[in-house]
Amino acid sequence: MAVGDSRRGALGRGGLLALVAAVLAWACPAGALENGLARTPPMGWLHWERFLCQTDCSQDPRRCISEKLFMQMADLMVSEGWRDVGYQYLCIDDCWMAPSRDEKGRLQPDPKRFPSGIAKLADYIHSKGLKLGIYADVGNKTCAGFPGSYGYYELDAQTFASWGVDLLKFDGCYCDTVDLLAEGYKTMSRALNKTGRSIVYSCEWPLYQKLMQKPNYTEIKQFCNYWRNFADIYDAWNSIRNVLDWTTLHQDNLTDVAGPGGWNDPDMLVIGNFGLSWDQQVTQMALWAMMAAPLLMSNDLRHISSASKALLQNKEVIAINQDPLGKQGYQITKDNNFELWERPLSGGAYAIAIVNRQEIGGPQTYKFSLTFLGNGLACNPACSIQQILPTSRNLGLHNWVSFLKVLVNPTGTVLLKSVVIEEKRVVGGTHALGIS
Ligand code: GLA
């Protein structure tokens with residue numbers, strides 16, 4: 001009797017099925033794309049918002065989409081300390097391709113703008129300790145009109161893997177039906193896995209699906225490492241505001257699904273560009289950390305103020321964004337013009353953000369009770385509180401009936417972190433603590 005037969009005999013048909021199910025459940029647990037990637041939100045740089053689709057290098061050599069641009073950014077990501085604080089993925093967006101596929105049907109880069117080819121660019125980027133991201137589209141064309149991957153999913157996945165690509169942003173333009181959209185996103189996910197190369201998979205599936213029907217986030221999370229839900233970000237407070245309002249409105253669905261391996265993507269960080277005031281930049285950084293969002297900057301690392309750079313490189317904020325518990329934060333209350341957000345962190349800590357949405361007047365004070373944070377557990381019986389943004393300072397020890405007062409600029413945010421303290425560690429018990 002063959003080994004397989006004897007096992008079948010011992011287990012019986014039901015036993016065998018149960019065993020297969022158990023092995024499958026272990027190998028691909030329901031709920032997340034378990035490709036081992038994006039255990040925390042990916043961090044890096046993506047060209048789109050700042051550089052769009054300039055393909056004429058003779059007219060604009062410093063800003064056109066070319067290998068030079070990415071090599072310069074790679075150099076700066078290392079020399080200016082971006083890589084060392086975690087910004088690792090250097091990502092190409094739309095407009096890198098030649099207008100047609102090669103004679104074997106493969107995507108090819110524009111030969112004038114990427115004369116060395118993507119594999120060479122990937123080598124360069126890898127030699128700097130960075131990873132390379134690339135862009136393609138599930139439909140017949142990319143949003144800017146370059147060749148789409150429809151009908152070529154396997155070939156494109158293999159091409160990207162053979163070039164040494166580490167991340168794929170897969171857009172959803174020019175895809176006519178919701179079924180083709182879903183099938184396309186799933187097929188590309190499987191094709192990427194089949195290459196055997198670790199390639200983070202960034203989807204815009206829910207954004208395009210939403211135009212036709214309600215996204216099924218449980219399904220999306222099984223195939224994608226992160227996904228765009230909302231319209232493209234642009235360099236203005238209005239855009240940041242829209243993202244935050246939409247996210248708050250849908251936060252129950254969104255926070256449930258986010259976690260290690262799969263994240264909601266509210267789109268690029270536009271900090272360091274032209275449109276946001278200082279306080280609005282603080283708000284974007286703080287809230288992207290609260291939302292456990294991928295931190296993909298779209299700015300010009302050759303021209304960035306030292307204040308914006310320090311904000312983007314703030315290690316305490318990055319630590320909140322990258323917290324290993326991987327829980328997405330949410331708004332707990334809106335009180336006139338103030339929004340109060342919390343995010344559970346590992347070790348019983350909490351990140352707390354107070355956003356002042358008023359767009360008239362000066363700084364305003366917001367006073368709130370610590371009693372209800374973290375369902376009553378964040379500061380119970382006591383906690384120490386650190387202010388992280390807009391400046392770092394220690395706000396001392398508090399107990400669970402304390403009120404905290406913060407001063408917040410219009411459209412700005414105060415970001416705090418509370419760490420719970422057990423009663424036995426508080427000398428004299430909680431009553432010994434001052435109430436602020
Ligand atoms: C869509 C995406 C953007 C960008 C452009 C490129 O609009 O949402 O993020 O990739 O396409 O054409």
Side-chain angles (χ1 to χ4, degrees), residues 41-56 60 63-66 69-70 73 89-100 107 109-110 113-114 118 132-150 156 160 165-176 178 180-181 184-185 188 199-212 215 220 224-236 238-240 242-243 246-247 254 263-271 273 275 284 288 291 293-300:
M43 293 175 64
W45 185 92
L46 176 61
H47 93 240
W48 186 255
E49 197 286 326
R50 178 66 187 249
F51 291 95
L52 297 168
C53 191
Q54 175 56 279
T55 53
D56 186 349
D60 201 352
R63 279 171 289 271
C64 66
I65 308 312
S66 70
L69 180 71
F70 292 96
M73 292 305 157
Y89 288 91
L90 180 54
C91 304
I92 308 175
D93 206 286
D94 206 347
C95 305
W96 61 272
M97 295 174 197
S100 55
L107 289 172
D110 182 278
R113 294 180 287 119
F114 293 85
I118 304 293
L132 174 66
I134 208 160
Y135 167 101
D137 189 287
V138 70
N140 290 311
K141 285 191 242 174
T142 73
C143 297
F146 290 86
S149 293
Y150 182 69
D156 290 353
F160 297 144
V165 162
D166 306 293
L167 180 151
L168 173 65
K169 172 174 171 178
F170 209 36
D171 211 336
C173 278
Y174 296 102
C175 189
D176 296 337
V178 78
L180 284 178
L181 188 79
Y185 272 105
M188 185 49 110
I199 301 179
V200 171
Y201 187 38
S202 151
C203 300
E204 296 203 32
W205 180 2
L207 169 60
Y208 289 89
Q209 188 175 39
K210 189 171 98 188
L211 306 172
M212 304 178 249
I220 289 164
C224 303
N225 288 121
Y226 61 97
W227 47 85
R228 282 270 310 282
N229 298 307
F230 191 68
D232 292 5
I233 205 154
Y234 51 95
D235 188 14
N238 203 30
S239 174
I240 307 296
N242 292 343
V243 172
W246 187 88
T247 305
L254 300 177
W263 311 97
N264 292 294
D265 175 15
D267 213 357
M268 294 158 271
L269 292 167
V270 294
I271 295 166
N273 291 324
Q284 192 185 26
W288 264 234
M291 293 188 289
L295 297 182
L296 297 166
M297 308 178 278
S298 192
N299 48 20
D300 189 344

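Residues take their numbers from the sequence shown, with the count starting at 1. We count ligands from 1, going down the list as the structure has it; atoms in each ligand are counted the same way.
- Heavy-atom contacts of Asp93 reach the following atoms of ligand 1: 4 (C), 6 (C), 10 (O) (cutoff under 4.0 Å).
- The Glu204 neighbourhood of ligand 1 comprises atoms 2 (C), 8 (O), 9 (O), with distances under 4.0 Å to a heavy atom of that residue.
- In this structure Asp110 satisfies the side chain to side chain donor-acceptor pair (under 3.5 Å) test with no other residue, sequence neighbours excluded.
- Taking every heavy atom of Arg228 and a limit of under 4.0 angstrom, the matching atoms of ligand 1 come to 8 (O), 9 (O).
- With ligand atoms numbered from 1 in the order given, ligand 1 contributes 6 (C), 10 (O), 11 (O), 12 (O) to contacts under 4.0 Å with heavy atoms of Tyr135.
- For the pair Trp48 and ligand 1, the shortest N or O to N or O distance does not fall below 3.5 Å.
- Less than 4.0 angstrom separates some heavy atom of Lys169 from each of these atoms of ligand 1: 3 (C), 4 (C), 9 (O), 10 (O).
- Considering only non-hydrogen protein atoms, atom 11 (O) of ligand 1 sits nearest to Asp171 OD2, 2.8 Å.
- Using a 4.5 Å heavy-atom cutoff, the side chains of Lys169 and Glu204 are in contact.
- A search for disulfide bond (SG atoms under 2.5 Å apart) contacts involving Cys203 returns Cys224, not counting sequence neighbours.
- Side-chain contact check for Tyr135 and Asp171: at least one donor-acceptor pair (N or O, by modelled atom type) lies under 3.5 Å.
- On a distance-only criterion, Asp94 and ligand 1 share at least one N/O pair closer than 3.5 Å.
- Listed by number with element, the atoms of ligand 1 under 4.0 angstrom from any heavy atom of Cys143 are 1 (C), 11 (O), 12 (O).
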